[in-house]
Structures are given as structure tokens and as C-alpha cells.
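Step one of this worksheet: look at the structure below.
Numbers here are sequence positions counted from 1. Remember, it's 1-based here, ligands and their atoms both numbered in the order they're listed.
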Amino acid sequence: MCGIVAVTGYKKALPLLINGLEKLEYRGYDSAGIAVINSESKSIVCNKSEGKLKNLISNLVDTDIPGTVGIGHTRWATHGKPEVKNAHPHIDNSGQVAVVQNGIIENYQELKIKLEKEGVVFNSDTDTEVIPHLIQKELFALSKLNLENNGSTLLVAVRNVISDLEGSYALAVLWAGAPDSLVVARRHAPLIIGLGEGEFICASDTPAISNFTKIILPLEDDEIALLTPLGIEIYDSDNERQYRNPIPLQITEQVLDKKHFRHYMLKEIYDQPETAKNWLEKYLIKDSKTGQFDIKYSFDTTFFESIERIEIVACGTSKHAAMVGSFLLEQFSGIPTNVFYASEFRYSPPPLLPNTLTIGVTQSGETADTIAAINMEIKRRSAIGDAKYKPNLVAITNRIESSIGRQITNIIDIGAGIEIGVAATKTFFAQLLSFYGLAIKFSQIKGSQSEKNIRQLISELTKLPPLVEELLEKHNQSSEKLAHDFFNIKDVIFLGRGINYPIALEGALKLKEISYIHAAGYPAGEMKHGPIALLDKKVPVISIATPGEVFDKVISNAQEAKARDSYLIGVAPECKGTEIFDYLMTIPSTNEWISPLLAIVPLQLLSYHIAAHRGLDVDQPRNLAKSVTVE
Ligand code: AGP
């Protein structure tokens, strides 16, 4: 989603801004822009462009702006189309104030109407544009008090304005009247200050900072900061100055290297054997004396003993991982578990029950709905004041330095390494592994599975790296060929049952996200209750059929599709029953519990090749963002 970069210091701002914006490109955006205070003319120079960052860069080729203070932005449209006029920065009518913002200003309409009545001319359709106009108005009012033109005055003006804003924001403000200063503020949207030598870089996400410094000061909610080359002043919402120590930027890998792959997504699909290996090494610890395996977390899990039920909040792909997790936690570990769309949970939470563990799953750690759902749960549980109802929290994330990582102590780091492709692949795989870890842990604590069964599951998990590698070998080229047959396809149905129903949902989501083909996933047994009406020879059906309790049922459901002339693709081992499929994407015949970790791989490859064959922007699909920081 939108990205912010802002700098102040002694080096030229423009190259730093462009470099920072390049590092945020992976988040998904539709326009970009920068504003720098020209240190000679003391005026704001702004340049914006529609589309990719390369368009902005080519606008600026041969442009040398003498100035060390600037702001930059990649925009993901919410209010107003992706056009130059709606790209950030937004400037007030005097040209003195420039603002970039992430988030949504919910009361912008009423503020806009008021400003228009006062004669302000709006040049965009965005919610953001009210902010520079309001700041300019405030600066004008402050000028009557004979305040000096400096960063402190800008700080007061911005503080007065944000107190009138409703919604969420991370923002960075420049004022030509204070040419060495930058004011930044946040509410429910991330913003991190990186501390360099005599300069500061502020950004909405760490990759924009990591080349610049490894020392950061994350801004907390409702804080505002003034940054000049001389230092930082941070204030909370009560205008109390905040003093705290910077922290190291905890980033294990920032290698934005595609290697020999055409797209990051394909590279990330190929990273999965390594993801499995890393997970096994990090979390599966063998006791040298007993030879027993244990799952090791960085936090004390003693409180798991009192847990009687689990609720999981997540969005998109993370929710699909959570659904597999819920299956494991209920069916393997015997703990009643419910999964909720975080966006639904926020407004219709279930009645509170005692001794509940709440798990938030988010690869980015910044998803606004997931964070808000967790916060709401903390609030309503804390309000009861009964130990049985207290919030017990765990977050599963790939970004321990993210908002959720800073907020929740009990973090399960999925450790997949940064994922650049907007469509989640290896982070989904690593989230699944985290749930296997939790299911093993809870089974051991609750004694809900025999040691033999637990040992068997662990042993299957240890075999994953070579199995996934084989799957990649086997299916990459064949999926590429199969992708040709999907050129004119408009709808695809994915079917799965039991533990693989969420894999059908994830297979459909992957295809939709990057190829723009309509796809829907269903529990195989539900097809005859409605979706079957869609089937004919133009609608392929992809069915996940793994040996186990529901295998025969899935095969019969596939028969029903075949009888309606659908082209049938099976994701299944070569075994009796699978001859029904017109095309078989074979997976190894393993223990059913671990089948989701295998079944997802050919589906990821097929989606990837269909999109690549269509010549689409696989890594940055239209309208999507890597981290969805608005509601
Ligand atoms: C994944 O391919 C999607 N881009 C999207 O559904 C994503 O999973 C969702 O927005 C949740 O993101 P999170 O894991 O960062 O919270």
C-alpha cells in the first residue's frame, strides 16, 4: 500500500528519496511523487507521475535540486483515481506546504467543504489534500502571534491540525518557511525514523531505511516529531516530550535479489524448501538426552496450559493459513478453534469466553484490520478484570520489527525472509509451518495425541525440504505448458475438503490476484449445492484429492464436475481413483496431515505461469498492495 519516505540532513534529498521509494515499490502502488525544499530559492519543488516509479525517475532525469530536506510517496489509490493530480505530495494554495500521507482521513469531506467556503481551491480528489490547506491556515494564524518561521512553529501547526483529523494517518510535512525541518506524525499507520549520521530518514516500512542505517526509532501511535539535522523531538498526544533510546533494526534479510528468476514470485516459490529447512532448524529442537523433539519459541509458553479455546484473526492468504491451522488445532490437538476475517471480527466479535488464546496472523505485521481486531480484543478482555478473561495473545508474522511485532510480546517469527511479490507464497508456506508447530506444542501440553502420532507428524515435517524441491522440479515446466490452455479461460473452480479446503481457497486467491481470472474455491461437497450451475466445458475444475478420510468423497465430487463437461485437473498422488482427472498434478502420497504443504506448491506454480504467460505484472498486480494499512 502507500509508501512514505522523508529525509532531512546534509546530503542531497532527491537521490535518497528515489532510493527509498525504489525499496518500497514491492508494496504495490499506482503513482509516485516527491517534494524537496530548494535550499537556494527556499521554495518547494514538486514532481509527480502516474504509474511506476520509472516514470517519475524519467521526469527527473537531468534534474538537480539543491536541497537536503524532502518527502516522497508511492500512492495506492483510495480516494480519487490513480492520476497525477491525485498523486502525493499535495501542496497548499500558496505552494509553501507539502504533505505526503498514508491512511484515510475519514472526515475529509466536512473539512473540505469548510475550506472551500473560505476560498481554498482543491486540485485533487483525495482525502489528503485537506491537510496542507489546514496546515497553511494554521501557520497563517500562528504568524499573527509573531512566532518565528522555524520547525517548532511547523510542529505546532501540524499538531493543531491533526487534532481535527479523524481516521488513520502517517504523514510527513515540509514547509518552505522552515527549510531544514520535517514534521512527521502517525495514528494507526506505521512510521519509523532511521537515525543516520547527521541526518534522518523516515519511512513507512523498513526496507526504505535499511540501506541508510540500522538504528531506528519507531514512532508510536498519536506521536508527532520534529526532525532537523540537529536532532529529533518527539511528543505524545498530551504534548509531553518523549525520550527513549533508539533500537537496532531487526532485519535478517534485505536481499532484494531476483537471482536468475524472471519474477520475484517464482523465486519465492522456489525459496520454499529453504523456508522449510530454516523452520525445522529454528523451531524443532531435539533434546540431546531424551532424543525427543520439542517446539521452541522465544517466549514462555506456560500459559498455553490454561488455554481451552483459540480464536484466530487474519485477512486474505493469512486467513487461509489460519484455516489450515484451525483444522490442525481442533482435529490434531483437540482445542476448539475459530478463525475470523479480522475485518468482520472488528464489528461483530464473538461473545467473550474464558481461557481463550487470540492469535493474529499477518505476514506484513501491518494489516490495519488485523491490528485493530487484536487491539479490540485486548480492550474488551482487559475491561472485564477477571484473570480467566485476560487477553492471551500470540502473533504470527514475518516482520518482527513491524507494528504487530512491537505490540505483542509473544511473537512467532515465521522467518521466511522478505517477500517482494505482492502475492504471498513462501510466507503462506511458513505460516502453515507455524501452525504445525503450535499444533504439536498444544498436543504435547494437552496430551491430546499419542507420542507416536506426534513423532510421526514431526518425522513427516522433517522430510519436507527435499519433497518440496522435487515438486518444484516436477511441476515448473509442466505448469508452464498447462498455462497455455488457460489463455482464454474466464472462470476456474477449486475444490478441496477437510484440511485441504483452505488450500482450494488459497489456490483460487492466487490465480485471481495475479492473472485476473475469476476463480472460486469451495469445499468439494458444497459444489452440488449451487456452484455446479456454473460448470460447463469452459470452466476447468481443479480438485485437491489427497489420500485420507475424504479422498473417495473428493473423487466423487470431481465425477459430478466431469459429468458437466468440465476439464478436470487433479492435485493428487498417482493412485487408484485419480485416473478420472484429465490432467494430474502429482504430489507425493504422504500422511494427510502434511498434505496442504505439498498441494499448495503446484497451485502456486500454475497461477504464476498463467499470469506470466499473459504477460502480466506478476510481482505487482494491479490494485493490490503488499501491506494493507487502511481499513
Ligand atoms: C496475499 O497474496 C494477498 N496479497 C493478501 O490477501 C494478504 O494475504 C492480506 O492482505 C493479508 O496480509 P498480511 O498477511 O500482511 O496481514
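- In terms of protein heavy-atom proximity, atom 10 (O) of ligand 1 is nearest to V628 CG2, 3.9 Å.
- Near A423, the atoms of ligand 1 lying under 4.0 angstrom from a non-hydrogen atom of the residue are 2 (O).
- When heavy-atom distances to ligand 1 are checked against a 4.0 Å cut-off, K510 comes that close only through its side chain, counted from C-beta outward.
- Here the heavy atom of the protein found nearest to atom 15 (O) of ligand 1 is S364 OG, 2.6 Å.
- Under a cutoff of 6.0 Å and an axis angle of 45°, K626 and Y29 do not form a cation-pi pair.
- When the heavy atoms of H320, K626, E513 are ranked by distance to atom 2 (O) of ligand 1, first place goes to E513.
- Each of the atoms 12 (O), 13 (P), 15 (O), 16 (O) of ligand 1 lies under 4.0 Å from some heavy atom of T367.
- Because its NZ or CZ atom is both nearer than 6.0 Å to the ring centre of Y516 and within 45° of the ring axis, R622 counts as a cation-pi partner of that residue.
- No salt bridge links D30 with K81; every basic N to acidic carboxylate O contact stays at or beyond 4.0 Å.
- Ring orientation note: the planes of H484 and H613 are tilted relative to one another, at an angle of 30° to 60°.
- The A424 neighbourhood of ligand 1 comprises atoms 1 (C), 2 (O), with distances under 4.0 Å to a heavy atom of that residue.
- Nearest to atom 1 (C) of ligand 1 by heavy-atom distance, out of I404, T317, V313, is T317.
- Judged by the 6.0 Å distance and 45° axis criteria, K319 is positioned over the aromatic ring of Y341.
- Each of the atoms 8 (O), 13 (P), 14 (O) of ligand 1 lies under 4.0 Å from some heavy atom of S318.
- Taking a cut-off of under 4.0 Å to the non-hydrogen atoms of V422, the atoms of ligand 1 that pass are 2 (O), 4 (N).
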Next item on the list: Test ring-ring contact (aromatic ring centres under 6.0 Å, His included) on Y522 and F494 and set out the steps.
Entry: CA-CA 6 Å; Y522 297 101; F494 288 74; over 10 Å; no

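- K258 forms a cation-pi arrangement with Y264, by the criterion of a distance under 6.0 Å to the ring centre and an angle within 45° of the ring axis.
- The six-membered or imidazole ring of Y108 lies near that of H79, with a centre-to-centre distance under 6.0 Å.
- Regarding atom 9 (C) of ligand 1, its nearest protein heavy-atom neighbour is C315 O, 3.7 Å.
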